Each structure stands twice: as C-alpha cells, then as structure tokens.
Protein chains: 2
Amino acid sequence: MGDNAVVNTRPPTIYDVARSAGVSKSLVSLVLRGSPSVSEARRTAVLEAVERLGYRPSQAAAALAGATTRTIGVVIDDWRNLWFVELLRGLQEGLAPHGLRIAVADHTLNAHVEAHPLDGFLSMRVDGLVIATEPTGAMRVPEGLPVVVAGHREGVVPGAEVVANDDRLGARLATEHLIGLGHRGIGHLTGGGGAARLRAEGFAAAMAAAGLEPRTVAGHGATTEEDGYAAAVRLLDAVPETTAVFAANDTMAMGALAAAGERGLRVPQELSVVGYDDSPIASTHLLRLTTVDSRNAEIGAVAAERLVARIGGGPDTGAAVLLEPELVVRGSTAAPRATG
Amino acid sequence: MGDNAVVNTRPPTIYDVARSAGVSKSLVSLVLRGSPSVSEARRTAVLEAVERLGYRPSQAAAALAGATTRTIGVVIDDWRNLWFVELLRGLQEGLAPHGLRIAVADHTLNAHVEAHPLDGFLSMRVDGLVIATEPTGAMRVPEGLPVVVAGHREGVVPGAEVVANDDRLGARLATEHLIGLGHRGIGHLTGGGGAARLRAEGFAAAMAAAGLEPRTVAGHGATTEEDGYAAAVRLLDAVPETTAVFAANDTMAMGALAAAGERGLRVPQELSVVGYDDSPIASTHLLRLTTVDSRNAEIGAVAAERLVARIGGGPDTGAAVLLEPELVVRGSTAAPRATG
DNA sequence: TTGAAAGCGCTAACAG
DNA sequence: CTGTTAGCGCTTTCAA
C-alpha cells in the first residue's frame, strides 16, 4: 500500500539492478566483473539497468565478501614534498592495469588526530602497502602483507622489500659534476634522515677521491627551504671561497639560491648549485636547477611490479632494488670563474 | 587433527576477540564503540584481548553493517597545486573531532585509468564530499549526499554548498596595493578557469576605478609556472613601461619572477610582482612573494563545519560562503622608481 | 548489563 | 549459461 510511492533515498543495490534487469543477482555480479560467459542480451539488459538506476557497487560489501580490496595503501610524509608526485604516477600506472587502485595517507597530517595512518590501511584490509616515508620502528605490519618501502633504504619494516635510488651514487654524480667543472671549494648542505646521510656520504667520498676537503653543513636539522637557506648562509659566511654548493634536495637548493642572491652571488656565474630529486620545482624557469633525478616514477613502477608479483602469490624476495640516479644538468651550474 | 597447528594468516575478527576475552561479540562491539553501559572488568578484558590479538576492526564490515562510513571524500585537481595542503589541514582539524576521516583522490591522476574519482567515493559510500576542483557538468552526486565545493564559486554541482574566498575582492586588494605604491603600468597574468576569471575581473575593476588601463595577458591557457613565464614575457616585451605584475596565482608569479630575472629587471626595484593563494612557495626566502591569502585553512574549516552540520541532519542551506581574502605583503613589491 | 539473532550488499562456490 | 546458497565481520535491535 503506497509502497512504491516511497522515495528510497538509499543507493540501489545489486538486487535492485537484478530485479530491474529481470535476472538474478549473481548474473549481475558476473556482468560487472566482466565474465565472458554471459549472453549478450543479458549483458546489455544488466548494463542498462545499472545505468538507469545509477548503480554503484558497494566497496564495503565487495571487500567483505571477496578476499581482497584491490587497493594499495600509500603512506607519504608530507603533501608538500613533491617528490612523491612522480612516485604516485609510477605506482598508479603500474597498478591500474591489474585493477588495483591506490589510497594515499599523510603521516604528519594524521599524526595530530588519529593513530598511525597504517592503522587505517590495516583496518581497510589493503592488499598491499607502499611506505614512502622514513620507516620507524612503530611500523608493525601483519606477516604476509606485501609491503614495499619506497625511496628509503633503511627498511626497519620486517619483511618489506625496498625500492629506492642509490643516494650515494647520486651524490657522487653531483659532486663529480662540480669537480669536473673545475670547482674545488664545494660545500654540501645536509639535513636529517637516512637519505640525507647517504647523500652526505657520497659527497664526502667523491671529495676525498679528488683530494678535496668536504665541507658539510646542516640547517636546522630538516630539509626544508628554510634549512637550505640557513645552511647556505652558514657555509657562505664561514667559507667565502666556496664556489659550488650541493644540497641534499631541491627544496634545500632553493634556499641556497636565496642565500646566494642575498649575497649578490649570481648563479651560476659566481656560485654553482646542485639539488637532488628532480622535483617539479627544479625544472621551473626560475630555478633551472641542475639536479639528480632520483627516478621516482620508475621507483613507483618497480614498487607496483613487486606488489603485483607478491599479491599474485610470488615470494617475498626481501631484496632491495636500487635504481641508478641520473644527473640532470640545467642552468644552475657552470665552471668557476678564474680565481687568483 | 593438527587443526590448531595451522597458522591462521587472516587478521583476527571480533569473534576471536570475544572468545579470547570470554564475552559475546556484541559486548566487544559495545566496548569498541565506547558505550558507557559496560562493566569495568569486561571492558578491560576486551581491551586486553584486542591488544593481545592485534585486532583491528574491519572497515568494510563496519561500513556494511552500520549506516555510515565516517569518511569524507576530497577530490583535488593535482597534487602539485599546493593550495590544497592548507585546505586539507583545515578540513582535517574540523572533521577529526567528530570522528570523521578524509580520503583524498586526485582528478588528473585517476583520469587516465579509472572513471571519475567521484565514482570511487560513491562506491565507498562516503558520508560527504568536498570538491576542491573546478566542478564539471559530469559531477552528478546522489541527492541528499552532503557536498561542498571548496575554493571554486561556480558550483554546477546540484545541491552543493560552496565555500570559497572572494577572488574578485582579493584581486582588487592586490591591484590597489600596487596602485597605492604608485604603479601605473600594471599588468595581469591570467589563466584558465573560473577563479582566474574572477581575479581578472577584480583586477580590471580596480584598474578602471583608478583610471588606469588594465592589461591582461594569458600564457598557454593554464596557470602553471610555464604559463606565468610565457605571459610575463609577452607582457614585458609588448609593454616595456610595465612596472608591476599581478599574477593569477603564486605559481604563475614564480614564472613572472623568472621572466623578470632574464630581462635583468630586479624585483622589487624595477618590477613588483604579486601572486595569489599564499601557497608554501610564496613564503620561501627565494620568492618572498607579496600575495593574497585565500585563507584555505579556513575554507577547509568552514567546509568541515557545513559537512558536519549536514551529516548531523541539518538542512542543505545551498548557500555560498565567501571568505574575505587578505593581502600579505612580502618582499616582491615596492614603489616604482621615479620614471622620466 | 549482557547475549542472541538478523541482516548490510556482495562474491564465490555450487547446482541446475 | 544462469540461479541458489552460504557466508564475509560487523552493527543493531531485541530479549534475557
């Protein structure tokens, strides 16, 4: 009585579609999942009903009934660190063909309010995890869950595979580029974290190999523009004969550029600057920064590959894949001017 | 036989917790959801079992059984546009106290592979939606779903509320700042999209009010650094008497800075530059950009407020909230040099 | 205050 | 090729 006059505000279910198409709900499920063994007539009937009703399968129900969520959780550090943009692209492109989607969670943002972003992902029962953060000891994940740590080598996450670029090598490339240009007074701006440490090591090694003294200075301990600025100011003031600076990342390099400008040092004429990461800011007209491409998109692609393999039942190789970084020469480096 | 020797790799369920704590599963559910009507003894027993087993409630099951997912979907344009970082922060802070979490999806990233990111959110049965993108006609959302369009005024999303800053006013503030400084040759760098158009309108209005001729030039149609660079080059070459530039956003302003540098124009001595958004790059040492604070964090906070109200059963006001932008004066603007 | 029971919407064996 | 039947793990009445 008046039943069909009731406006159902709830989203349509698979039952509604089945009824509307005049088939059973399993048939609807089959069509939606692209089964080949469904007659064309039924298929179109179902598809039309789906369209007509504006039906969207409930992810919750699918996740609960099926064994998998088809989603990979990605934990990132901070939305401001643009290096993960390419990482996400690589991941996305590697995952999508396998019907896997990605969900991103920010570490710092969630830190204030919720527990660890990992908790959310585990509650969500993701099929795999990408940790694009400096791993911490608190990161315990269930055994058997495919996890890859991306961009950081020091994986303290048990059972995780690692995909990263070879920071030591990249730092060497940057330093050798500067040395090859004829620089001798080369300083390094470092920050906190494992990647920064490896880069500092690579810098020191390359300098030592050339018989040069490696000067390394930190800002306030982090790797922000402000840190780069502070470190560069410190370096430039303490060692005026500096003609080149290698920063632990592009953001710090940006700060170094500012410090140089303030001191009237033109880049690259009076000061060469090299960054690291080849993030979007490096290629801007304003910076034209010589940098090291850490190949983040490929890191994402390889991470995706590993995840897909593990999800497909492959073994946990536990191996670390190190991609070779590449030097990208732009306009912020040049040979030093002849010195007295 | 040997049954208990089998290692159960699946995550523990509420049943496991109940058994381990010696209570019924409903009791576990009550404890987890913080019901006051549970004896202290049982509560601790349950909590201990949870801890012991490493239990995490299944989001899928909770969503399916309950009526709500307690998550808000946020659709953004592009991870590179940093303006949404503050938006997210404001949202997060406004939502968290109400037990609501946020899920972020990128429009452009998903565009390649999946359907619309909205589809994902609707499949997920989010409790609300924040659209931080230029809304398009394709954005059909179920009636009754709380939706707020953030940062864009032209909401073609039916039934959505709008929270944004007053772009026209902001542009006027920027332009009047320049005029007040004594500039007369002021150009505007514009891009595509509704916000850019409103900013261009505000610029034109302020210029007209001062009896000045508004020159507006676009780059390649978008609002990237490259567009800002191209537009600035065009402007500076066509109108050499230009002493100030107002860009549609900080990124474009960065491009303008590059164009100025290339032409040997020092900022702010020979060219003043104003951006818009007060994004993280504006406050760097390198840019020290005078800009307009579009108050993104507050936009997020207000959006959160509206969402919470609607979810709590409040009415869809359908209203548009316009926040007043504020001028942030930094080092990229100054009075023009005395001209012949 | 606690337990039992009925689904939520879907997938995945099964039978036909 | 198509329909039937069990659950997936949780929330939520409803009794006890």
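Here the structure is a predicted model, which is why all the values come from computation and not from measurement. Order of the sequence lines sets the chain letters (A, B, ...), proteins ahead of strands, with each chain counted from 1.
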What is the distance from atom CG of Leu30(A) to atom NZ of Lys25(A), rounded to the nearest 0.5 Å?
11.0 Å
Distance-only donor-acceptor test (3.5 Å): side chain Lys25(A), base dT2(D):
no
Nucleotide nearest Ser26(A) when distance is taken to its side chain, options dT5(D), dA4(C), dC10(C):
dT5(D)
Using atom types as modelled and distance alone, determine if a side-chain donor or acceptor of Asp127(A) lies under 3.5 Å from a backbone N or O of Arg70(A).
yes
Between P on dA12(C) and CZ on Arg33(A), what's the gap in Å once rounded to a whole number?
5 Å
With respect to the phosphate group of dT2(D), does any side-chain polar atom (N or O) of Ser39(A) fall under 4.0 Å of OP1 or OP2?
yes
For the pair made of OH in Tyr55(A) and C1' in dC10(C), what is the distance, rounded to whole Å?
7 Å
By nearest nucleotide on DNA chain C, pick out whichever of Ala65(B) and Thr68(A) is the more 5' one.
Ala65(B)
Where each residue is assigned the nucleotide of DNA chain C containing its nearest heavy atom, which of Ser24(B) and Pro12(A) is assigned the position nearer the 5′ end?
Ser24(B)
Arg42(A) CZ - dC1(D) P separation (whole Å)
12 Å
How about Asp106(B) and Trp79(B): does a side-chain donor come under 3.5 Å of a side-chain acceptor?
yes
Note, Glu161(A) side chain near Arg310(A) side chain (heavy atom, < 4.5 Å):
yes
CD of Glu40(A) versus C1' of dT2(D): gap in Å, rounded?
16 Å
Arg56(A) has an atom CZ; how far is it from atom P of dC8(C), in whole Å?
22 Å
Measure from OH on Tyr15(B) to P on dG7(D) and round the result to the nearest Å.
11 Å
To the nearest 0.5 Å, atom CG of Leu64(A) lies from atom OG of Ser58(B) at 5.5 Å
Rounded distance (Å) that lies between atom C1' of dG9(D) and atom CG of Leu64(B):
9 Å
Please report the distance, rounded to the nearest Å, between CG in Leu30(A) and P in dT11(C).
9 Å
Phosphate oxygens OP1/OP2 of dT11(D): is one of them under 4.0 Å from a side-chain N or O of Ser29(B)?
yes
